Amino acid sequence: KPVTELTKSAASSEAASLRAQLDEWRQEYYVNDAPTVEDHTYDMVYQRLLDLEAAFPAIVTSDSPTQQVGDVTLPGFSKVSHAVPMLSMGDVFSIEELSAFEARTKQNLGQSELDYNVELKIDGLAISLVYENGIFVQGSTRGDGNIGEDITANLRTIKSIPKQLTEPLSIEVRGECYMPKAAFAKLNERQEADGKAPFANPRNAAAGSLRQLDPQVTADRELATFIYYTANFDDLGVASQSDALARYEELGFTINPHYRVCHNMDDIAAYIDTYTDQRETLSYGIDGIVVKVNSIAQQDELGNTVKVPRWEIAYKFPPDEQQTVIQDIEWT
Ligand SMILES: NC(=O)c1c(N)nc(OC2CCCC2)nc1O[C@@H]1CCC[C@@H]1O
């Protein structure tokens, strides 16, 4: 039926079922690498959801597939084309799905044992940093993965981003720019004091502090970074993700210290348990755990699908229990 003839509740329930269907198809496509429908079928259903949400904005949910698309680039920024696309990651939500990823990966590689590098999934904004002969020359956002915004001037104000490396390497590295929880709380106090709207969460605050044109604003926001990737491993002389992280640190970058080489799912599950418990004690936000095949050669052998690497997966924590806390406050 045309969306204009629907009641809001009819639109809302149709949208909910479309979201579930789209999420199932995304899982097949991005995680299992085994889509059961043609792209145009996905696109038609996606378009129907867009129409429903456009006709009834109140029914949009933050986890709707329509809200997950890569960021488009904002006007006012010059554009940066990523020579190597900045990919995102497939998500899984249970150990069972993680085991399925492991089984599929072992099968793809014809290996019965695999080493993984497991990392915290920092809840920030992906950035790319380009160095020429060891000098920081350009920084950008991920954008849609191919085209990002040039935010070099803003990134120059961030202390953890070295202006010069300890070696004269010409290299591009990638990582997450984030706002520590303490800086986020202070910023929102200032926002309220200035009669401005508070930021919803540290990730939005980091994005809002980078994707604006005044470097002084960025400088005042106490942002930080963790580097975790490079587009050109050949320049590093390393054979694994865990060695690459140690190399980034040698070059002057900040890396997240909580990475661990795991040899099987039990190790990975133990790591997930540890950081599910410790999550609240971390001074920055994380929204999951990243499991990567540790060997670079095996990563290359597995390659990437159009949007995500086949050699890594993100285990996502259940949505934050913050909502229940807020409900308690309202209730009392
Ligand atoms: N958020 C993170 O902590 C994180 C990580 N620890 N490791 C990676 O590996 C990259 C490598 C190639 C594709 C993803 N990506 C991360 O975040 C990604 C960046 C873009 C979308 C995800 O947030």
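These numbers were taken from a predicted model, which means no experiment stands behind them. Remember, it's 1-based here, ligands and their atoms both numbered in the order they're listed.
Contact check on Lys79 versus Glu149 returns no salt bridge, with no Lys/Arg side-chain nitrogen under 4.0 Å from an Asp/Glu carboxylate oxygen. The pair Arg174-Glu172 meets the salt-bridge criterion, since a charged nitrogen lies less than 4.0 angstrom from a carboxylate oxygen. A salt bridge is absent between Lys186 and Glu189: the closest approach of a Lys/Arg side-chain nitrogen to an acidic carboxylate oxygen does not fall below 4.0 angstrom. Residues Arg19 and Glu14 are not paired through a salt bridge, judged by the lack of any N-O separation under 4.0 Å between the basic side chain and the carboxylate.
Between the side chains of Asp300 and Trp311, no donor-acceptor pair of N or O atoms lies under 3.5 Å. With no hydrogens or angles considered, no side-chain donor-acceptor pair links Thr225 and Glu176 at under 3.5 Å. With 3.5 Å as the limit, one finds a donor-acceptor pair spanning the side chains of Asn294 and Ser242.
Among all non-hydrogen protein atoms, the one lying nearest atom 11 (C) of ligand 1 is Tyr229 CD1, 3.5 Å. Looking only at heavy atoms of the protein, atom 20 (C) of ligand 1 is closest to Arg142 NE, 3.6 Å. Counting protein heavy atoms only, atom 14 (C) of ligand 1 is closest to Glu312 OE2, 2.9 Å. In this structure, atom 4 (C) of ligand 1 lies nearest to the protein heavy atom Tyr228 CE2, 3.4 Å. Of all protein heavy atoms, the one closest to atom 7 (N) of ligand 1 is Lys292 NZ, 2.9 Å.
Each of the following atoms of ligand 1 lies closer than 4.0 Å to a heavy atom of Met89: 15 (N), 16 (C), 17 (O), 18 (C), 22 (C).
Assignment of Met86 to the shell around ligand 1 is not supported, since no heavy atom sits closer than 4.0 Å. Using 4.0 Å as the threshold, Leu120 has a heavy atom nearer than that to some atom of ligand 1. Not close to ligand 1: Arg174, with no non-hydrogen atom less than 4.0 angstrom away.
Considering backbone and side-chain atoms together, Trp311 places no N or O closer than 3.5 Å to any N or O of ligand 1. Polar contact with ligand 1: present for Glu119 (N/O pair, distance under 3.5 Å). The shortest N/O to N/O separation between Ile122 and ligand 1 falls below 3.5 Å.
In this structure, the side chain of Lys163 does not engage the main chain of Ile135 through any donor-acceptor pair within 3.5 Å.
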